[in-house]
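To start, the structure under review is shown below, and the notes come after it.
Only this structure's heavy atoms are used, side chains among them; waters, hydrogens and symmetry mates stay out.
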Amino acid sequence: MTASGAAMVFLFRKNASPQLHRVMLGFAAGVMIAASMWSLLIPAIEEAQEMGMIGWVPAAGGSALGIAFLLLMDYLLPHLTPDTFHWREGETPRKRTALMVLAVTLHNIPEGMAVGISCALAAQSGEPTLMTASAALAVGIGIQNFPEGAAIALPLRQEGMSRPRAFAMGALSGLVEPLFGILTVLVAGSVQPLMPWLLSFAAGAMLYVVVEELIPEANLSQGGHTGTLGVMTGFLLMMILDVALG
């Protein structure tokens with residue numbers, strides 16, 4: 001999906017239409033809100049209770065840690081969107097490219113961890129319904145990766161980079177997600193007691209992305225109700241995937 005978003009560089013001479021941008025980001029926000037609840041926080045609470053722990057303690061504590069982690073990352077890295085990214089005066093095109101790709105790539109790491117943690121929990125529990133929820137979470141995160149790929153490729157093209165190279169840079173920024181997803185699965189067996197905290201950490205990180213980046217960038221107050229309807233549609237779809245199909 002990141003590569004698909006980056007492929008927009010072959011279709012648009014400029015940025016994608018604001019209307020489409022609002023719908024996509026709003027939809028991604030709704031998907032991630034529902035995924036945080038049904039695929040991460042609720043399983044974290046249930047897992048903690050099965051271990052004899054107070055369910056809300058790791059749910060709240062892990063979420064707070066996930067929020068703090070991305071808060072620190074946002075402090076260290078610039079916000080990157082096609083409309084809001086501003087270069088510092090005097091930066092060379094090569095440095096600009098490196099900053100952009102590094103920032104979005106690092107933002108993708110917690111998303112890969114979220115899918116890996118969810119899949120690891122499903123594998124360890126042996127419940128097929130949890131694997132369905134994990135698949136839904138992966139689909140939801142994939143959907144919200146679409147505008148991220150475009151957020152890299154389109155500005156790079158505007159800076160004068162060729163379309164194939166801008167596409168490659170955007171597509172490669174998503175490579176860390178499967179890598180960190182696999183690494184999380186491999187180490188999950190040795191950190192089973194921490195699983196509720198890890199699930200909640202991923203949920204907190206996802207909610208932070210929704211509130212800090214997706215919803216503001218969707219400009220819900222502009223262009224009618226398209227962004228808001230996108231949020232509602234994404235939320236309902238993810239809830240159906242997690243609850244009805246699971």
Side-chain angles (χ1 to χ4, degrees), residues 28-80 102-125 130 133-134 136-138 140-145 148 173-217 234-235 238-239 242:
V31 165
M32 292 182 69
I33 292 171
S36 298
M37 299 297 107
W38 277 277
S39 297
L40 294 173
L41 280 178
I42 292 177
I45 293 172
E46 293 174 349
E47 183 84 359
Q49 290 174 340
E50 290 178 2
M51 295 179 182
M53 303 167 60
I54 301 175
W56 63 266
V57 172
S63 296
L65 291 173
I67 293 169
F69 174 74
L70 283 196
L71 184 63
L72 175 63
M73 189 169 292
D74 271 351
Y75 176 77
L76 298 175
L77 297 172
H79 288 276
L80 299 174
L102 175 63
V104 174
T105 299
L106 291 178
H107 276 87
N108 285 336
I109 291 176
E111 298 172 359
M113 293 175 63
V115 177
I117 290 169
S118 182
C119 291
L121 175 62
Q124 291 173 1
S125 66
L130 286 181
S134 299
L137 174 62
I141 290 181
I143 290 172
Q144 69 91 31
N145 281 341
E148 288 185 358
S173 70
L175 185 61
V176 296
E177 289 199 22
L179 291 179
F180 274 83
I182 293 172
L183 289 174
T184 302
V185 171
L186 293 177
V187 303
S190 61
V191 293
Q192 175 65 23
L194 296 177
M195 190 62 69
W197 289 85
L198 295 176
L199 285 167
S200 302
F201 179 95
M206 290 178 66
L207 288 174
Y208 181 89
V209 170
V210 169
V211 176
E212 178 72 9
E213 298 184 5
L214 294 183
I215 288 180
E217 291 171 19
F235 181 86
M238 192 67 181
M239 182 179 66
D242 276 346

Heavy-atom pair of closest approach, residues Pro196 and Glu47: CG-CG, 3.7 Å
At their closest point, which heavy atom of Gly116 faces which heavy atom of Val185, and how far apart are they? O-CG2, 3.4 Å
Those residues that, when tested against Phe180, pass ring pair (Phe, Tyr, Trp, His ring centres under 6.0 Å) (two or more places apart): none
Per-pair distances, 0.1 Å, donor-acceptor, side chain in residues 56-72, under 3.5 Å, sequence neighbours excluded:
from: Ser63; atom 1: OG; to: Ala59; atom 2: O; distance (Å): 2.7
from: Ser63; atom 1: OG; to: Ser200; atom 2: O; distance (Å): 3.4

Reported CD1-to-CD1 distance for the pair Ile45 and Ile54, which is rounded to 0.5 angstrom: 12.5 Å
